There are 2 protein chains.
Amino acid sequence: MGYDEIYKLALERGFFSPSCEIYSDFQAGFWEYGPIGVSLRNNYVNLWRRELVRRDGMTEIDGTQIMSKNVFVASGHLGSFADPIVVCTQCGTTVRADRMISERVGGSLPEGLPTEEYDALIAKHDLKCTNCKGDYGKVRKFNMMFRVGIGPKDDDAYLRPETCQSIFVDAPRLFKTMRLKLPIGFAQFGKSFRNEIAPRQSLIRLREFYQAEIEVFFNPKTANNLAKFQEIKHVKLPIQKADGNFAEITAEEAANRKIVPNQLVAYYLAILIEFYAKTGIDIKKVRFRELNAEDRAFYALAAFDFEVQTSLGWMELVACNYRSDYDMGRHAKISNHDLTILDGEEKVIPHIFEISMGIDRSIYCVLEHSYAKENEREVLRIKPYLAPIMAGIFPLVSKEGLPEKAQQIFDSLKKEFAVFYDESGSIGRRYRRQDEIGTPVGVTVDFDTMKDNTVTVRDRDSMSQKRIKVEEIRSYLSSLLQIYSES
Amino acid sequence: MGYDEIYKLALERGFFSPSCEIYSDFQAGFWEYGPIGVSLRNNYVNLWRRELVRRDGMTEIDGTQIMSKNVFVASGHLGSFADPIVVCTQCGTTVRADRMISERVGGSLPEGLPTEEYDALIAKHDLKCTNCKGDYGKVRKFNMMFRVGIGPKDDDAYLRPETCQSIFVDAPRLFKTMRLKLPIGFAQFGKSFRNEIAPRQSLIRLREFYQAEIEVFFNPKTANNLAKFQEIKHVKLPIQKADGNFAEITAEEAANRKIVPNQLVAYYLAILIEFYAKTGIDIKKVRFRELNAEDRAFYALAAFDFEVQTSLGWMELVACNYRSDYDMGRHAKISNHDLTILDGEEKVIPHIFEISMGIDRSIYCVLEHSYAKENEREVLRIKPYLAPIMAGIFPLVSKEGLPEKAQQIFDSLKKEFAVFYDESGSIGRRYRRQDEIGTPVGVTVDFDTMKDNTVTVRDRDSMSQKRIKVEEIRSYLSSLLQIYSES
């Protein structure tokens, strides 16, 4: 399925929609989750928590979104988290210079060129404003952080452009109070904010977005001596190397042949791909794309983008960065605190491997990879543990006590399971409406229910039906969610 | 227990801590949740979702935190969401004028006086700066919204000061796409932001904070005709009336005697108090305090603050406001959209009853009401379904295979339950450490375990122990969480 179908489904069925849409003064890049989207997103984050955070024994925190200016002096965002922009001198249209140039000239430009080089390219190719044919002004850098003024003196602070900074500044307290030892993963789910020049395609490029970031702190000397590596050494990693070659190799081979820097990195790439397999994303359509030195941050020793094939092309869902000791070294320097950690007898500035996941994009990909148009219906073949609604509860007809009985069943389930009561329209139409949003089970109350206290349960994927007792509905739904524990 | 004990526990055991604490440039009013706090907060929000949102069949959304300027033109925040502040002309210290005056003169001032009246009071009582004895300047209004500039043109937008505005602007789409009918509750959990002049006492008054807001849309003509009122009509509501009288009466009496405006309001106050009973807050120490006309918003037809008695005095956890048709009327006017809803044959601008819950303060109260100092230990007697850690897993000693066996049990449980592995220190010390953070169960692997595959399980509250089989641990933990379903 393509972007347009998912977009239409999202708007019509309560997955997501534009923020403040009744007001014309609002900007692009802000989207809300509707009721079906909230449920899917919560289930997705719970899966992340279960299959990455808890699986690995990580430590989860939740930091503030507004952070101190000095945090971003240390991180480098205040100095260099900027896009090159250029404004039309005639109509005022503003565009990202690098994107505009590469789209019109072809090829991709390395990130972070000096502004003069963009000016030179605009002059060389005689590029004019696409809106009015006017001349562009000089390219300038535009910092993508949102500034916030605190207190009556309006002191500088910023909305964090990535959640990980909260982890870096909290780590010293956590090592002490939680009695942690290297290596240890820290995890955080929350909002980040970037003042994008060209937000686009709903959840794909947002100004306010959800991230789930994991920062693994470790001593590089022991990164090839990881007991839990045994668990995943046979997991296959599809790696698109920076030299252009593609390799689908086991985690063990990847570490041994130095295709990834060490066992620790291979381990986290492996558990990440195991996690995505559980989201229902087609694992034959994913890859780790290695970034070359020019495309990764100057301090990164290695970087792999986890990408998924979609109707919009390869889409980056997770940035996996080996960030060296840059983060803790910088924060130690700017905060003037000793941030070394004792690892056995050795004091180390921890190295960090980051797994920075975009939640909104991941949700989009789950939808695109789950959606199917069949002859007579559209169906979202989503995993039951991610399904926004677990079961629809339907009286076959709206008379002779069937609605009351169905409502009673609904009430007995509603706290424990996401269930939806519906009595309007034909039963076939009600099944179809639930198929569209991925509801795994339809529970129908009919005339036999009134005699023998049984209902039909219909399976979303096979459309087959069987009769079970009313008292068995709870365990039937639980057993579908059990897939979770077994897989 | 008092604030100081909870504060100390929070910092030492990973409940909460100041944001950006390694940097001296940061401001007060920003606090993070540590690992234990995140788990407690998530459990609390799940309880809210279960016992209020799902219980009542509400529709949950998740809107953006940055919102359009016109939203706050409509809501009135842009014009009047301001505190009176006054700056010392000598040392520059800034204080909230109303608080400073009432603290020093005694008595409480009505909110929202004209600034000249505060100036007059300062002159009358000859109030000088408490810091340097200098003269105060003129009182001015300080808007508490944080402004955010969007895009290269730096267009005005604001961080929402309350989550409910997202509900108001999304409601028109939700009524259409979700096929909703009046009355219907909308719910949202998320961050809000207020540029407080005097943030204080960690989670009690924050600049960035979590709210869980419920906005019930209804037709006032049918607010006394509510089928589900029968469910809760015998629930007791402790009401501190604006006239000074206290009444502990049933929801039915409250509605009949017009102590609350109608059955719908009485119903929601009743399910709110039932919810708080499940959090473990001592329900004998709560009240609904009725606000008189001067203290509530000008558009509110009635308002009750849900307050809890704490070591810091009565603390407001939830504002319950009957907001009339103000919100949807204003948004209709400013957005120039028809926001009426069809109720049967009648077009209505819905009335709204709001249940605006402060999450951070609620968490604080749960901690304070759960914490106890006993002879030999400190213990957090928190409900198992709120407990940050469900079970500690301990090898009795660190030898003869006990740690490996305990680790194996830990691994088999860690995805499904929040469990904690600990092998350091005496077993008594390890129990105490878990008592402090409210872990209901201690699972100990000893020498008998190696022979017969049984463990001891220790109960936090009674400190009694019994032996169960390793295969039974999962169902033992599940049964403790079942309290949830039964209550």
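Here is the naming used below: chain letters follow the sequence lines, and residue numbers restart at 1 for every chain. Because the structure is a prediction, the values reported are computed rather than measured.
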(message) Just so I understand: if I count every heavy-atom pair under 4.5 Å between each of Val419(A), Asn195(A), Leu339(A) and chain B, which residue has the most?
(response) Asn195(A)

(request) Can you tell which part of Asn70(A) gets under 4.5 Å to a heavy atom of chain B, answering side chain, backbone, both or neither? (result) both

(request) Determine the minimum heavy-atom distance between Tyr23(B) and Ala74(A), stating which atoms define it. (result) OH-CB, 3.3 Å

(message) Do Leu159(A) and Ile66(B) have side chains that approach each other closer than 4.5 Å (heavy atoms only, starting at C-beta)?
(response) yes

(message) Out of Arg207(A), His331(A), Glu196(A), Arg173(A), return the one with the most heavy atom pairs under 4.5 angstrom to chain B.
(response) Arg173(A)

(message) If we define contacts as heavy-atom pairs under 4.5 Å, which of Asp155(B), Asp83(B), Ile85(B) has the most with chain A?
(response) Asp155(B)

(message) Which heavy atom of Ile22(B) sits nearest to which heavy atom of Ser335(A), and what is that distance?
(response) O-CB, 3.5 Å

(message) Less than 4.5 Å to any heavy atom of chain B: does that hold for the side chain of Asp411(A), its backbone, both, or neither?
(response) neither

(message) Quick check for you: among Gln188(A), Lys176(A), Gln65(A), His337(A), which has the greatest number of heavy-atom pairs under 4.5 Å with chain B?
(response) Gln65(A)

(request) Determine the minimum heavy-atom distance between Val169(A) and Cys20(B), stating which atoms define it. (result) CG2-CA, 4.2 Å

(message) Shorter than 4.5 Å, heavy atoms on both sides: which option in Gly63(B), Ser19(B), Pro152(B) has the most such pairs with chain A?
(response) Pro152(B)

(message) Quick check: do Asp62(B) and Tyr210(A) have side-chain heavy atoms less than 4.5 Å from each other?
(response) yes

(request) Considering only heavy atoms and a distance below 4.5 Å, find which of Ile36(B), Ile334(B), Val87(B), Thr177(B) pairs most often with chain A. (result) Thr177(B)

(message) Under 4.5 Å from any heavy atom of chain A, what part of Arg433(B) do you find: side chain, backbone, both or neither?
(response) side chain

(request) Can you tell which part of Thr64(A) gets under 4.5 Å to a heavy atom of chain B, answering side chain, backbone, both or neither? (result) both

(request) Return the option, out of Thr59(B), Ile197(B), Asn336(B), Asp170(B), with the maximum number of heavy-atom pairs under 4.5 Å with chain A. (result) Asp170(B)

(message) What part of Arg55(B) gets within 4.5 angstrom of chain A, counting heavy atoms only: side chain, backbone, both, or neither?
(response) both

(message) Between Phe30(B) and chain A, with a heavy-atom cut-off of 4.5 Å, which part of the residue counts as in contact: side chain, backbone, both or neither?
(response) both

(request) Heavy atoms only, distances under 4.5 angstrom: which of Arg41(A), Glu32(A), Glu21(A), Arg147(A) has the most pairs with chain B? Name it, please. (result) Glu32(A)

(message) Ignoring hydrogens, what is the shortest heavy-atom contact between Arg54(B) and Lys415(A)? Give both atom names and the distance.
(response) NH1-O, 3.5 Å

(message) Quick check on Phe193(B) against chain A: is it the side chain, the backbone, both or neither that has a heavy atom closer than 4.5 Å?
(response) side chain

(message) Using heavy-atom distances under 4.5 Å, tell me whether Ala418(B) contacts chain A through its side chain, its backbone, both, or neither.
(response) both

(request) Evaluate whether atom NZ of Lys69(A) has more than 12 neighbouring non-hydrogen atoms of other residues, nucleotides or ligands under 6.0 angstrom away. (result) no

(request) Answer with side chain, backbone, both or neither: which region of Glu60(B) has an atom nearer than 4.5 Å to a non-hydrogen atom of chain A? (result) both

(message) Looking only at heavy atoms and a cut-off of under 4.5 Å, which of Met178(B), Met58(B), Arg140(B) has the most pairs with chain A?
(response) Met178(B)

(request) Heavy-atom distances under 4.5 Å only: say whether Phe417(A) touches chain B with side chain, backbone, both or neither. (result) backbone

(message) Is Ser39(B) close to chain A through its backbone or its side chain, or both, or neither, when contacts mean heavy atoms under 4.5 Å?
(response) neither

(request) Heavy-atom distances under 4.5 Å only: say whether Asp154(B) touches chain A with side chain, backbone, both or neither. (result) neither

(message) Need one label for Met67(A): side chain, backbone, both or neither, based on atoms under 4.5 Å from any heavy atom in chain B.
(response) both

(message) Nearest 0.5 angstrom please: Asp25(B) CG to Ile150(A) CD1, how far?
(response) 10.5 Å

(request) Mind ranking Met144(B), Arg49(B), Lys153(B), Arg13(B) by heavy-atom pairs under 4.5 Å with chain A and telling me who comes out on top? (result) Arg49(B)

(message) Check this for me: Arg429(B), atom CZ, are more than 12 non-hydrogen atoms of other residues, nucleotides or ligands nearer than 6.0 Å?
(response) no

(request) Could you look at Gln165(B) and say if it's the side chain, the backbone, both or neither that has a heavy atom under 4.5 Å from chain A? (result) neither

(message) Could you measure the distance from the CG atom of Asp56(A) to the NZ atom of Lys414(B)? Nearest 0.5 Å is fine.
(response) 7.0 Å

(request) Identify which part of Asp422(B) has an atom lying under 4.5 Å from any heavy atom of chain A, answering side chain, backbone, both or neither. (result) side chain

(message) Less than 4.5 Å to any heavy atom of chain B: does that hold for the side chain of Arg160(A), its backbone, both, or neither?
(response) neither

